[in-house]
Amino acid sequence: MRLFLSHGKKAYFASDQHFGALNVVSSRWREHKFIRWLDQIKADAHVLFLLGDVFDFWFEYREVVPKGFVRTLGKLAEMNDYGIRIIFFVGNHDLWLKEYLAEEIGAVIFYEKTDYLIDDKLFMIGHGDGLGSGDVCYKRLKRLFTNHWACFLFRWLHPDLGVRFGRYLSLKNKANRGYLNHPFLGEDKERLILYAKRKLKEKAYDFFIFGHRHLPSDIALSPQSRYINLGDWIQHFTYAEYDGQDIQLKKFR
């Protein structure tokens, strides 16, 4: 994919908002904070990359989507109407996102990591789940969750039951895995860093941009290449900003 930034404009990256997670009050407060950030970047944004898990659970029926998130969806639609491109990479919590965001807010949807040449810099961009070696159990579950027939059967559940069940599993997964405790394992053990280093041997990437780990990180892989993890909008409220020359990982205050 190729993209040229307009003069004076920037590319922004954010991920792992998990709206709907933890509880209604927390989610609403975080959503308001995210919208304040969107208002802030609107003046100089050329493109906004959302790298997945914007919603803690999302499943599209043919005529029904999960209720809520109207403030975020409305603001993204406003930005698209304003001329800002919205590019959405699905994560492991919003795997089942289909046509709704494309139709309603004009988003471009990606289901896998993608190479992007932005001006003269080569990016690898994706949510980050399932990349690299290991994590075999999750990779098997992802194949099941995205299987056409499995999704077809799930749609036969009444939306009240299906969405409630999906949200329950999402919250249960966080409780089991320590959702708010993601220790950094070191550059020699972090799957996404190891994956980026391996891919760097195949192609001269300038930047690897991922989410998923909830750990804001900016790590030099070589003198010309960096690994950026966007963190999240639960604890860190971090994002990346690219001005056509360099990228910075920042915290919204």
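Heavy-atom basis, side chains included; hydrogens, waters and symmetry copies ignored.
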Grab the two heavy atoms, one from Tyr111 and one from Leu97, that are nearest each other, plus how far apart they are.
OH-O, 2.9 Å
Would you confirm whether Glu60, through its side chain, and Tyr100, through its main-chain N or O, come within 3.5 Å as a donor-acceptor pair?
yes
CZ-CH2 distance between Phe59 and Trp96, expressed to the nearest 0.5 angstrom
7.5 Å
Regarding Arg71 and Glu31, does a basic nitrogen lie under 4.0 Å from an acidic carboxylate oxygen?
no
Could you walk me through whether Thr72 and Phe19 pass the side chain to side chain contact (heavy atoms under 4.5 Å, CB included) check?
CA-CA 9 Å; Thr72 297; Phe19 293 134; 3.6 Å; yes
Test item: Met124 and Tyr116 side chains (from C-beta on) under 4.5 Å apart, heavy atoms
no
Check the hydrophobic clustering (I, L, V, M, F, W, Y; side-chain heavy atoms under 4.5 Å; chains of links allowed) and say if Tyr242 and Trp37 are grouped together.
no
Report yes or no: do Ile228 and Phe184 belong to one cluster of Ile/Leu/Val/Met/Phe/Trp/Tyr joined by side chain heavy-atom distances under 4.5 Å?
no
Side chain Lys121, main chain Asp246, donor-acceptor under 3.5 Å
no
Salt bridge check, Arg226 against Asp206: does any charged N sit closer than 4.0 Å to a carboxylate O?
no
With hydrophobic residues grouped by side-chain heavy-atom distances under 4.5 Å, do Phe207 and Leu200 end up in a single group?
no
For the CG atom of Leu131 and the CG atom of Asp129, what is their distance to the nearest 0.5 Å?
7.0 Å
Can you list the residues that meet the salt bridge (Lys or Arg N to Asp or Glu O under 4.0 Å) rule with Lys203, with sequence neighbours excluded?
Asp115
What distance do Ile109 atom CD1 and Glu103 atom CD have between them, rounded to the nearest 0.5 Å?
10.0 Å
Which distance, rounded to the nearest 0.5 Å, do you find between the CG of Leu117 and the CZ of Arg2?
4.0 Å
Could I get the full list of side-chain hydrogen bond (donor to acceptor under 3.5 Å, both in side chains) partners for Asn229, not counting sequence neighbours?
Tyr227
What are the two closest non-hydrogen atoms of Gly68 and Leu73, and how far apart are they?
O-CD1, 4.4 Å
So does Gln17 get a backbone contact from the side chain of Asp232, meaning a donor-acceptor N/O pair under 3.5 Å?
no
With distance as the sole test, does Ser222 use its side chain to make a donor-acceptor pair with the main-chain N or O of Gln224 at under 3.5 Å?
yes
Taking salt bridge (Lys or Arg N to Asp or Glu O under 4.0 Å) as the definition, give me every residue that meets it alongside Lys75, ordered by chain and number, with sequence neighbours left out.
Asp39, Glu78
Return the minimal non-hydrogen interatomic distance between Met1 and Phe110, and the atom names on each side.
CE-CZ, 4.1 Å
Please name the pair of heavy atoms, one in Asn80 and one in Gly106, separated by the smallest distance, quoted to 0.1 Å.
OD1-O, 3.7 Å
With clusters defined by side-chain heavy atoms of hydrophobic residues (ILVMFWY) lying less than 4.5 Å apart, directly or transitively, does Val108 cluster with Tyr12?
no
Which atoms form the tightest heavy-atom contact between Gly128 and Leu192, and what is the distance?
O-CD2, 3.3 Å
Ignoring hydrogens and angles, tell me if any N or O in the side chain of Ser225 forms a donor-acceptor pair with the backbone of Tyr205 under 3.5 Å.
yes
Pairs under 3.5 angstrom only: tabulate donor-acceptor contacts from the side chains of residues 81-88 to other protein residues two or more places apart or in another chain.
none

Report the residues that fulfil ring-ring contact (aromatic ring centres under 6.0 Å, His included) with Phe55, sequence neighbours left out, ordered by chain and then residue number.
Trp58, Phe69
List the atom pairs, donor and acceptor, that lie under 3.5 Å between side-chain atoms in residues 46-53 and the rest of the protein, sequence neighbours left out.
unit_1, atom_1, unit_2, atom_2, d
His46, ND1, Ser6, N, 3.3
His46, ND1, Ser6, OG, 3.1
His46, NE2, Phe4, O, 3.4
Asp53, OD1, Asn92, N, 3.1
Asp53, OD1, His93, N, 2.7
Asp53, OD2, His18, NE2, 3.4
Asp53, OD2, His127, NE2, 3.3

Can you get from Ile41 to Phe34 by hopping between Ile, Leu, Val, Met, Phe, Trp and Tyr side chains that sit under 4.5 Å apart?
yes
If we ignore angles and hydrogens, is there a donor and acceptor under 3.5 Å between the side chains of Asp16 and His214?
yes
Any side-chain heavy-atom pair from Lys33 and Phe252 closer than 4.5 angstrom?
yes
Rounded at 0.5 Å granularity, tell me how far OG in Ser15 sits from CD1 in Ile209.
10.5 Å
Taking the side chain as every heavy atom from C-beta outward, state whether Lys98 and Tyr61 have any atom pair closer than 4.5 Å.
no
By salt bridge (Lys or Arg N to Asp or Glu O under 4.0 Å), Asp243 pairs with (sequence neighbours left out) none
Ser27: partners by side-chain hydrogen bond (donor to acceptor under 3.5 Å, both in side chains), with sequence neighbours left out:
none
May I ask you to check whether over 12 heavy atoms, not counting those of Arg62, lie within 6.0 Å of atom CZ?
no
Thr238 side, atom OG1; Asp218 side, atom CG - distance, nearest 0.5 Å:
11.5 Å
With sequence neighbours excluded, tell me which residues meet ring-ring contact (aromatic ring centres under 6.0 Å, His included) with Phe237.
Trp29, Trp233
Residues in salt bridge (Lys or Arg N to Asp or Glu O under 4.0 Å) contact with Glu63, at least two apart in sequence or another chain:
none
Going by the rule ring-ring contact (aromatic ring centres under 6.0 Å, His included), which residues pair with Tyr195 if we only count those two or more places apart in sequence or in a different chain?
none
Test log, rule side chain to side chain contact (heavy atoms under 4.5 Å, CB included), inputs Phe13 and Ile125
CA-CA 10 Å; Phe13 305 80; Ile125 304 173; 3.8 Å; yes
Carefully, step by step, assess Leu194 and Glu187 under the rule side chain to side chain contact (heavy atoms under 4.5 Å, CB included).
CA-CA 7 Å; Leu194 295 174; Glu187 290 186 36; over 6 Å; no
Side-chain ion pair, Glu241 and Lys250, N-O less than 4.0 Å
yes
Sorted by chain and number, sequence neighbours left out, side-chain hydrogen bond (donor to acceptor under 3.5 Å, both in side chains) with Lys251 holds for none
Does any non-hydrogen side-chain atom of Phe208 lie less than 4.5 Å from one of Leu221?
yes
